[in-house]
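Letters A, B, ... are given to chains in the order of the sequence lines, protein chains preceding strands, and every chain is numbered from 1.
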Amino acid sequence: MSVRVRYAPSPTGSPHVGNIRDALFKHLFAAHHHGTHLLRIEDTDRTRFVEGAIEDIFESLHWLGIQWQEGPDKGGAYGPYIQSERQAEGIYDRYIEQLLEAGHAYKAFDTSEELAEMREYQQINKQPIGYFGGVWRDASPEEVAQAEAEGRPFVVRLKIPRDQTIAIEDAIRGRIEWDSNTVDDPVLLKADRMPTYHFAAMVDDHLMEITHIIRGEEWISSAPKHAVLFDAFGWTRPVFVHCPVIKGKDGSKLSKRHGDTRCLDFRAAGILPEALRNFIALIGWSPGGDREILNEAELIEAFDLGGLQPSSGVFDLDKLTWMNGHYLRACTAENLTERLKVFLAHPETARYWEPRDPEKLAALHLLKEGIEKDEAYARQAIELERERVTSLADFGEATAFFFQDEPPFDEKAVEKWLRVDHAGDLIRFLQANLNGAESVSVEACEAMLRGYQEEKGFEKLGPVVHPTRVALTGKTVGPGLFELMSVLGPDRMRARLSRALERTT
RNA sequence: GGCCCGGUCGUCUAGUGGUUAGGAUGCCGCCCUUUCAAGGCGGAGGUCGCGGGUUCAAGUCCCGUCCGGGCUACCA
């Protein structure tokens, strides 16, 4: 039987990295086994629906290259793939009836006040908290009929068998057992006739022939309920795979106060999708051995359940940053420029940086204009700065001096290198050498500076290089000077040199 | 409170009874070099949560204990 797995998000918000990491695992697992990965939208809780969430789910998946073969957008033989539509078709009602008739489920007419009271009582008396039957689990048909006749609202609960051991076989942790008396009767159908997750997801998993339920470990405690449900229907249970969660630096569940957690925020921050994908694949999973950098194909090839880790992992932004730099350097300048164009044009980029770092955003605008004005020139600048950045968002500041007619002077740099005795002479020398030239090669630039060094008898190139760099860029750091000069070209250099000359005395 | 899961350098991890406990990141240093990076090389960092046991031999198996986390909704 071929592998079938599903990513089944609820449209309650934009997917965060932990959630999307699970989706990545499913895609990788399905692809590895030439199986099917399907997307199912679990929108049974109307009250928590968030506008735009579904769009963000698709977008996050697309961006990271997570694929699926069946879903609301693609169709498939097991549709519909949206639970509210399935509910409307009466799918869940049919199975509820079946359970009710077989005596595996029952109607419970408790009010929310009664339920709250019950929990309070249990808490005070230090009893296990939950619904273990109340008056309705074993109510007579007459009592139920009467309550129904009165039109009292009710829910349908699953009758968890008592005095038994419920066990599941988890692919990562092995056998996990519960005393069935500690498992309460979950609601299957809510008073508004909508199914709960427990019910809808399991029915759908069966109908869609899901072979492996891959989900976060926060579901472990619900697993016995799901197992009982499968057994009640006489269905074969899928393999349960409970993945470890991703935590923040302080060890608690990843949340907003740990910084970015929304998948699409990383895109806006300038992270490359292949970097984020590679990075999150390695939290809670390992290909074994020392391998760390894996592309899409390698991930698929290497992915198996055996590499999944039982313990949760911390999201280490430093390492993601490093990995992003690695992938940035692996791009060609052409490719990088194309990615930058998309990045700079995306409205989320500005929305992301505006409140965090307006200066960075301004530099990004400068780069955007630079690319629009002269893409070939911009590409050379990008090429030269590529080794000095760790995210797409760094390119603005890194390349700024290429695009500014008058890049601001770092006053300390001026103090140190433009106030040396020979600075004025050096600049005049360069001006003379550049006179009339239309372009200048890297080699010519080097020859020019070395010529001056020799002429003046400097032992090292530093006294020539540093003042030139400050004169041309305003800074003491940056790409190789000869390369930078060649890219800048004679015109820009002439303008900057004469401006710098005024600062030499 | 109850039930369940977890625990190897700060962090991600390799490890399936015999290793000087390996790699990566981060940190420090050296090399390269016109600066900053990148790259190369090296260093510090682990009593494998703790305590018992089993065994000639335990990070690896067993028990206990501590700590962390999850669930405990007519949310998923």
*Going through the checks in order, is the side chain to side chain donor-acceptor pair (under 3.5 Å) test met by A:Tyr131 and A:Asp110?*
CA-CA 10 Å; A:Tyr131 195 91; A:Asp110 312 85; 2.6 Å; yes
Under 4.0 angstrom between [X] side-chain N/O and [N] OP1 or OP2:
X        : N     : result
A:Arg215 : B:C71 : no
A:Lys190 : B:C75 : yes
A:Gln309 : B:A14 : yes
A:Arg119 : B:A73 : yes

Euclidean distance, atom [atom1] of residue [X] to atom [atom2] of [N] [Å, nearest integer]:
X        : N     : atom1 : atom2 : result
A:Glu387 : B:G40 : CD    : C1'   : 14 Å
A:Lys460 : B:U35 : NZ    : P     : 9 Å
A:Tyr452 : B:U34 : OH    : C1'   : 16 Å
A:Phe132 : B:U72 : CZ    : C1'   : 9 Å

Please give the nucleotide sitting opposite [N] as a Watson-Crick or G-U wobble pair, both distances under 3.5 Å, or none.
N     : result
B:U35 : none
B:A76 : none
B:C71 : B:G2

Using a heavy-atom cut-off of under 4.0 Å over every strand shown, decide if [X] touches base, sugar-phosphate, or nothing.
X        : answer
A:Arg386 : nothing
A:Val187 : sugar-phosphate
A:Glu218 : sugar-phosphate
A:Phe279 : nothing
A:Pro153 : nothing
A:Asp110 : base
A:Gln122 : nothing
A:Glu385 : nothing
A:Gly478 : base
A:Thr12  : nothing
A:Ile129 : base
A:Ile220 : sugar-phosphate
A:Gly284 : sugar-phosphate
A:Thr44  : sugar-phosphate

*Partners of A:His198 by side chain to side chain donor-acceptor pair (under 3.5 Å), sequence neighbours excluded?*
A:His226
Give me the distance, rounded to whole Å, that separates [N] from [M] when you measure between the [atom1] atoms they each carry.
N     : M     : atom1 : answer
B:A57 : B:U25 : C1'   : 34 Å
B:A73 : B:G10 : P     : 37 Å
B:C56 : B:G15 : P     : 28 Å
B:A24 : B:A14 : P     : 15 Å
B:U8  : B:C48 : C1'   : 4 Å
B:U60 : B:U19 : P     : 13 Å
B:G59 : B:G51 : C1'   : 16 Å
B:C9  : B:G23 : P     : 15 Å

_A:Phe154 six-ring centre to A:Arg193 NZ/CZ under 6.0 Å and within 45° of normal_ = yes
Report the nucleotide, chosen from [options], that has the shortest atom-to-atom distance to any side-chain atom of [X].
X        : options             : value
A:Pro128 : B:A76, B:G2, B:U34  : B:G2
A:Thr196 : B:C75, B:U34, B:U13 : B:C75
A:Asp290 : B:G22, B:G1, B:U34  : B:G22
A:Lys319 : B:C12, B:G1, B:U34  : B:C12
A:Ile176 : B:C4, B:U25, B:G7   : B:C4
A:Pro310 : B:G7, B:C3, B:G26   : B:G7
A:Arg388 : B:C36, B:U11, B:G1  : B:C36
A:Glu292 : B:U25, B:A24, B:C3  : B:A24
A:Val477 : B:U13, B:U35, B:U34 : B:U35
A:Arg173 : B:C74, B:U34, B:G6  : B:G6

*Please walk me through it: do A:Asp204 and A:Tyr81 pass side chain to side chain donor-acceptor pair (under 3.5 Å)?*
CA-CA 9 Å; A:Asp204 287 346; A:Tyr81 293 89; over 6 Å; no
*asked:* Quick check on the 6.0 Å ring-centre criterion: do A:Tyr106 and A:Trp136 meet it?
replied: no
*Would you kindly compare A:Ala108 and A:Ser311 by the position of their nearest RNA chain B nucleotide and give the one closer to the 5′ end?*
A:Ser311
_Is the ring pair A:Phe240/A:His242 parallel, tilted or perpendicular, if the boundaries are 30 and 60 degrees?_
parallel
*Determine, stepwise, if the pair A:Asp45 / A:Tyr197 fulfils side chain to side chain donor-acceptor pair (under 3.5 Å).*
CA-CA 9 Å; A:Asp45 186 1; A:Tyr197 169 86; over 6 Å; no
*Backbone of A:Phe429 reached by a side-chain donor or acceptor of A:Asn433 within 3.5 Å*: yes
*Do A:Lys26 side-chain atoms and A:His37 backbone N/O form a donor-acceptor pair below 3.5 Å?*
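No, A:Lys26 side chain to A:His37 backbone: no donor-acceptor pair under 3.5 Å.
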